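What you are looking at is a predicted structure, and each value in this text was computed from that prediction instead of being measured. Order of the sequence lines sets the chain letters (A, B, ...), proteins ahead of strands, with each chain counted from 1. When reading the values below, keep in mind they use all heavy atoms of this one structure, side chains included, and skip hydrogens, waters and symmetry mates.
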2 protein chains.
Amino acid sequence: MVDEGKTAIARKPRADAQRNRIRLLETAKAAFAEKGPGASLDEIARTAGVGAGTLYRHFPTRDALMEAVYRNETEQLVAAATRLADTQSPTGALREWLLLFVDYIAAKHGMYEALNSIVGGTTELYSASTEQMKRAIAKLISRAVASGDVRLDIDPLDLLRALAGVASISAGPDGKQAAKRMVDILIAGIRIRT
Amino acid sequence: MVDEGKTAIARKPRADAQRNRIRLLETAKAAFAEKGPGASLDEIARTAGVGAGTLYRHFPTRDALMEAVYRNETEQLVAAATRLADTQSPTGALREWLLLFVDYIAAKHGMYEALNSIVGGTTELYSASTEQMKRAIAKLISRAVASGDVRLDIDPLDLLRALAGVASISAGPDGKQAAKRMVDILIAGIRIRT
DNA sequence: TGATAAACGGAGAATGTCTCCGTATTTAAA
DNA sequence: TTTAAATACGGAGACATTCTCCGTTTATCA
């Protein structure tokens, strides 16, 4: 009886699997950017030169694929939170970061599914990004709260949801501008009156 | 040569057409409420007891159907704006109406397309509802601005977009609560400091 | 080098959208 | 009434998309 246990030594992942994964991500990124969130998955597979089965094995759902495509950008955004927290006033850092967030979602023009995964927080599967994002904004907010600038009865993610709404629901050419204006409204709205 | 002109007297619309239209609307409303925005159109037609062709003749696109389904509620909401403006303080009226708006979108859990049509304002087709909605909120805002309570550099629709974002992007059970909290943040954010 | 786990790919089932057109029904004129 | 013309009906089927299944291929490791 051979060992079939959990102790199985991790075998090195197959080279072709890694290659295909990367090709799929590149192709998908281009496809989403060009055709929007509804881009055909089979076509992405074909363009990437793999079968549909391969795509679905790597990314079981459309959301999973989007999540993976944007994980990079998400990580950069999360990193920025730490940097800002170290170099700016509490409220200033929060404001700056929210502006970065607006850029982040504007780049995904109308990619509702992706936003929902990342900022929604309801989908079990993508909790990784959501969790990171949540921690990033929570850190900025709690710093601002501690400094006495900001009320504390806020769900930080709600700020992001509001911005996502403004930036993506209209998706007009000035959606981004509008979202940046909204940042100031939000900041003013959560500030404690002096 | 018979008259083939534009002067053709309007013929009374066929009774079966009217009946089917209504049945389709009722069925669609139930279907959207139960299965969300992706409900199968063919199934709606089948449930309503008509052929697919009939559905598509009455409502050429999914959006057209949604628009029609929600036109009623939209009209009620618009009417409420006038009523509130007549009976409440400027800021109070605005706040009340935004709360009603939250109920309005919460009922459409995740019906992104519909929201986008109605609050987005980019789709030519649904400009009727958008226009009404815009006028309703604009009236409330400008009253508040006139009273000196509120800044005037606001696109009124942005407030709605923000609320839609909070209420629908997460779509969690407390999305509605969150949106109601957001109303207060927004009101505070657009208020002029005293 | 050979055994075997891992990955591949694409045919095809399932589902959905939307069109086309022969048939049926309604209206209104005679 | 009867009848012709206008209007609406419905569902078969063309087409697109998602996703699964499984026989075949390939990389890893002993």
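Salt-bridge formation is not detected for the pair A:R62/A:E67: no Lys NZ or Arg NE/NH1/NH2 atom is positioned less than 4.0 Å from an Asp or Glu carboxylate oxygen. With salt bridges taken as basic N to acidic carboxylate O contacts below 4.0 Å, none links A:K134 and A:D155.
Within residues 13-24 of chain B, the residues approached by DNA chain D to less than 4.0 Å at the level of any non-hydrogen atom are B:R14, B:D16, B:A17, B:N20, in residue-number order.
With D:dC19, D:dT28, C:dC18 as the choices, the nucleotide that has an atom nearest any side-chain atom of A:D42 turns out to be D:dC19. Among the nucleotides C:dG10, C:dG9, C:dT17, the one closest to any side-chain atom of B:Y56 is C:dT17. Listed nucleotides D:dT20, C:dG9, C:dT17 differ in distance to B:L41; the shortest reach to its side chain belongs to C:dT17. Which of D:dC9, D:dT17, C:dG10 sits closest to the side chain of B:H58 comes down to D:dC9.
B:I192 and A:L186 are members of different hydrophobic clusters when ILVMFWY side chains are connected at heavy-atom separations under 4.5 Å.
Residue-to-nucleotide proximity on DNA chain C shows that, of B:A39 and A:G51, the 5′-proximal contact is made by A:G51.
Among residues at least two apart or in separate chains, salt bridge (charged side-chain N to carboxylate O under 4.0 Å, His left out) pairs with a member in residues 181-192 of chain B are A:D158-B:R181, B:R95-B:D184.
Between the CD atom of B:E43 and the C1' atom of D:dG11 there is a distance of 16 Å, given to the nearest Å. Distance B:R62 CZ to D:dA16 C1': 14 Å, rounded to the nearest Å. Between the NZ atom of A:K12 and the P atom of D:dT26 there is a distance of 19 Å, rounded to whole Å. For A:D63 and D:dT18, the CG to C1' distance is 14 Å, given to the nearest whole Å. Going from atom CZ of A:R57 over to atom C1' of D:dT24 covers 12 Å, rounded to whole Å. Look at CG on B:L55: it is 10 Å from P on C:dT17, rounded to the nearest Å. Put simply, CD1 on B:I44 is 17 Å from C1' on D:dG11, counting in whole angstrom units. C:dT15 atom P lies 11 Å from atom CZ of B:R46, rounded to whole Å.
Taking the side chain as every heavy atom from C-beta outward, B:L41 and B:L65 approach each other to under 4.5 Å. For the pair B:T74 and B:Y104, the minimum side-chain heavy-atom distance is below 4.5 Å.
Heavy atoms of A:S40 sit under 4.0 angstrom from primed sugar atoms or phosphate atoms, though from no base atom. Counting non-hydrogen atoms under 4.0 angstrom, B:G49 reaches the backbone sugars and phosphates but no base.
The closest side-chain donor-acceptor pair between B:T91 and B:D149 falls under 3.5 angstrom.
Contact annotation: B:T54 reaches the phosphate of D:dG10 (side-chain N/O to OP1 or OP2, under 4.0 Å).
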